[in-house]
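Below is one structure, written out as structure tokens; comments come after it.
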Amino acid sequence: MAAAALVPDPSDKAAFDAAIVDPDSYAHEERYHAIFKTLRDEAPVYWCEPAGYRPFWTVARHADIIRVELDTDTFLNDPRLTLSSIADEERVKAMTGGSDKLTRNLVSMDNPDHRHFRSMTQGYFSAKHMRRLEDQIRTLARQSVDHMAALGGECDFAADVAIWFPLRVIMMTLGAPPEDEKFLMKITQEVFGAQDPDTMRPENVGGLFATIAEFNAWCDRITDDRKTNPRDDVSTIIANATLTDGSPMRNLEAMSYYLIIAAAGHDTTSSSSSAGMLELIRNPDEMAKLRADPSLLPNAVDEFIRWSSPVKHFFRTAARDTEVAGVKIKAGDGLVMAYPSANRDEAVFADPFAFRVDRAEARKHLAFGYGPHLCLGQHLAKMEIRILFEELFARFEGFELTGEPAWTRSSFVSGMKRMPIRYRARS
Ligand code: HEM
């Protein structure tokens, strides 16, 4: 298969392991999928020892990731969350005076804190409550489509549309004023784009630290305001919540909660929207199918998300000696759950490298994770992507690519940063 040309041979372990952690592998979909197809076929639970990183297991198959996600007593979110070089880990420790992270949020928590913090906003992000926001989200989608019309038939769909719309949706949930848009864009781009030259600050981890300090000041203002002027937004819930022991929410946890919502809800959704548009353009038969039968759109949205899998991994750490798929794991070992790999697993998805808007098993994707940490914003994400495409299809036709698309370079959350397209108003 093409894997040999795209990635080092696994017998050259140093080079193969370096490719697994190389952010460039995540900016080239074929390369990423060649690496992980090799792992699914030959070493589904694989000990990866890249130079400059603490070693870890990669878990490449759908069923094995579910097993890890469900056993939250054995596989902990704390302390190791995402791939980071030893040098970056040391820098974080030096800057925080010994702590291994800059924030403390849902994805870094285990029970009992995780259950408590998740229950604060679970109702707000439920499917039922999200339906109440549908009209507001449609208004924002129409503004994006109006902007596309004003651009005169050509735009960079990733940079001009897909990246702004989910940010505005998230700002609506947080109750952030429109004038904060540019600031929040910068923050969320820097948090996830820390490995990409287009978005990173000069000093990788140092830059992230500065980003979070700026965001901290913004959060203090919103928390103070919502304590005295409660509103119907998620910031009000967070600002007035209590910690597990009943004491008032602390600054670190409130800031971390706003940040996870803003960051997790932004680049992820925009990546799946861009990927959906790209694959529809590349697969005209799928585009035609969808336009002929708009009732396929909710399923198509799951296929966009399966296909793009914007979150490339999360870690778990084994709390005790255990096994995954017959492979012995020692207490303290880290495991990377490779979501995009699970979403091309032949055991679950028929012809997994084919993009099909009517794929029967599209909803089985693990792009939102699984189990107790399953993405809190999944209903919001799916609804906003569906609404955006409803509005795009109502206004335009004849979508085509006018240049090469480009992906961000990040082993954590990555997606498209450039996608020049042409389109015309529907006659
Ligand atoms: C296509 C869009 C999205 C994708 C692919 C995505 C993916 C993910 C993944 C993989 C996880 C980790 C799940 C696990 O550990 O099992 C997660 C968690 C989370 N996501 Fe999303 N997400 C998306 C959109 C959103 C949106 C719109 C929000 C806004 C609220 C959001 C908020 C969160 C939060 C707060 C968590 C932490 C949940 C927890 O640990 O309990 N996400 N997401």
Side-chain angles (χ1 to χ4, degrees), residues 59 65-72 75-78 81-82 103-111 113-127 129-130 133 137 162-163 165-174 188 191-192 233-235 237-238 253 256-276 301-317 335-343 365-388 412-416:
V59 182
I65 291 180
I66 289 183
R67 138 120 179 81
V68 171
E69 291 260 20
L70 286 177
D71 188 354
T72 51
F75 299 105
L76 304 179
N77 283 47
D78 193 52
L81 197 58
T82 57
T103 60
R104 186 164 184 272
N105 60 42
L106 279 180
V107 283
S108 63
M109 285 177 186
D110 295 295
N111 285 331
D113 280 359
H114 176 256
R115 197 177 295 122
H116 176 74
F117 273 76
R118 187 158 169 129
S119 68
M120 292 173 191
T121 58
Q122 185 115 26
Y124 183 91
F125 288 110
S126 66
H129 185 252
M130 286 300 106
L133 302 183
I137 294 176
I163 202 113
F165 169 60
L167 178 68
R168 288 170 189 150
V169 172
I170 280 298
M171 287 177 62
M172 179 199 80
T173 66
L174 288 170
T188 60
V191 168
F192 282 164
D233 60 23
V234 77
S235 302
I237 298 174
I238 295 167
E253 282 85 1
S256 304
Y257 218 138
Y258 301 131
L259 185 65
I260 182 84
I261 290 173
H266 182 203
D267 269 7
T268 49
T269 317
S270 85
S271 297
S272 291
S273 303
S274 290
V301 168
D302 269 303
E303 181 69 347
F304 299 171
I305 297 170
R306 176 190 81 90
W307 188 265
S308 51
S309 284
V311 178
K312 305 303 168 190
H313 75 275
F314 267 117
F315 259 91
R316 294 293 186 263
T317 299
L335 299 94
V336 155
M337 299 180 293
Y339 299 120
S341 172
N343 291 340
H365 70 73
L366 298 186
F368 289 127
Y370 200 83
H373 284 273
L374 175 71
C375 176
L376 184 70
Q378 61 154 335
H379 302 296
L380 175 60
K382 290 208 245 188
M383 187 167 87
E384 60 182 293
I385 299 172
R386 170 180 58 78
I387 293 173
L388 179 63
F412 177 31
V413 174
S414 88
M416 293 174 64

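Whatever order the structure lists ligands and atoms in, that order sets their numbers, starting from 1. Residue numbers run from 1 in the order of the sequence given.
- The aromatic rings of Phe314 and Phe412 lie perpendicular to each other, with more than 60° between the two planes, well past the 30° mark.
- The environment of OH in Tyr339 is crowded: more than 12 heavy-atom neighbours from other residues, nucleotides or ligands sit within 6.0 Å.
- Less than 4.0 angstrom separates some heavy atom of His114 from each of these atoms of ligand 1: 39 (C), 40 (O), 41 (O).
- Relative ring orientation between His365 and Phe368 is described as tilted, the plane-to-plane angle lying within the 30° to 60° band.
- Atoms of ligand 1 found under 4.0 Å from any heavy atom of Val107 (numbered from 1 in listed order, with element): 37 (C), 40 (O).
- The ligand atoms of ligand 1 that sit less than 4.0 angstrom from a heavy atom of Gly369 are 10 (C), 13 (C), 14 (C), 16 (O).
- Contacts between Ala264 and ligand 1 below 4.0 angstrom, taking non-hydrogen atoms only, involve backbone and side chain alike.
- In this structure, the side chain of Tyr258 does not engage the main chain of Ile238 through any donor-acceptor pair within 3.5 Å.
- Protein heavy atom closest to atom 5 (C) of ligand 1, with residue, atom name and distance, is Ala367 O, 3.5 Å.
- Atom numbering of ligand 1 starts at 1 in the shown order; those under 4.0 Å from a heavy atom of Tyr370 are 16 (O).
- In this structure, Gly371 does not count as a contact residue of ligand 1, since none of its heavy atoms falls inside 4.0 Å of the ligand.
- With a 4.0 Å heavy-atom cut-off, ligand 1 is reached by the backbone of Leu106 and by its side chain too.
- Of all atoms in ligand 1, numbered sequentially from 1 with element shown, those under 4.0 Å from a heavy atom of Tyr339 are 10 (C), 14 (C), 15 (O), 16 (O).
- Both the backbone and the side chain of His373 come within contact range of ligand 1, each with a heavy atom under 4.0 Å.
- By the criterion of a heavy-atom distance under 4.0 Å, neither the backbone nor the side chain of Met109 is placed next to ligand 1.
- Between the side chain of Asp110 and the main chain of Asn77, a donor-acceptor pair closer than 3.5 Å is present.
- In this structure, Ser274 contributes its side chain and Ser271 its backbone to no donor-acceptor pair below 3.5 Å.
- Counting protein heavy atoms only, atom 6 (C) of ligand 1 is closest to Phe368 CD2, 3.7 Å.
- In terms of protein heavy-atom proximity, atom 16 (O) of ligand 1 is nearest to Glu69 OE1, 2.7 Å.
- Residue-level proximity to ligand 1 for Phe314 is carried by the side chain, the only part with a heavy atom below 4.0 angstrom.
- When each atom of ligand 1 is checked for a heavy atom of Ala381 under 4.0 Å away, the hits are 2 (C), 24 (C).
- For atom 15 (O) of ligand 1, the nearest non-hydrogen atom of the protein is Arg316 NH2, 2.9 Å.
- Remark: the backbone N or O of Pro166 is not paired with any side-chain donor or acceptor of His266 at under 3.5 angstrom.
- When atom types are taken as modelled, the side chain of Ser126 and the backbone of His129 share a donor-acceptor pair closer than 3.5 angstrom.
- Counting only distance, with no hydrogens or angles, the side chain of Ser235 and the backbone of Leu174 share a donor-acceptor pair below 3.5 Å.
- A donor-acceptor pair under 3.5 Å is absent between the side-chain atoms of Asp233 and the main chain of Met172, judged by distance alone.
- At the top of the distance list for atom 20 (N) of ligand 1, counting protein heavy atoms only, stands Cys375 SG, 3.2 Å.
- The nearest heavy-atom contact from the protein to atom 34 (C) of ligand 1 is Leu376 CB, 3.8 Å.
- Near Ile260, meaning under 4.0 Å from any of its heavy atoms, are these atoms of ligand 1: 35 (C).
- With hydrogens left out, the protein atom closest to atom 1 (C) of ligand 1 is Ser272 OG, 3.7 Å, a heavy atom.
- A distance-only check finds a donor-acceptor pair linking the side chain of Arg306 to the backbone of Asn343 [under 3.5 Å].
- Of the protein's heavy atoms, Gly265 CA, 3.3 Å lies nearest to atom 26 (C) of ligand 1.
- Of the possible polar contacts, one joining the Thr173 side chain to the Ile170 backbone as a donor-acceptor pair under 3.5 Å is found.
- A distance-only check finds a donor-acceptor pair linking the side chain of Thr268 to the backbone of Ala264 [under 3.5 Å].
- In the candidate list Glu384, Arg118, Gln378, Arg118 is nearest to atom 38 (C) of ligand 1, counting heavy atoms.
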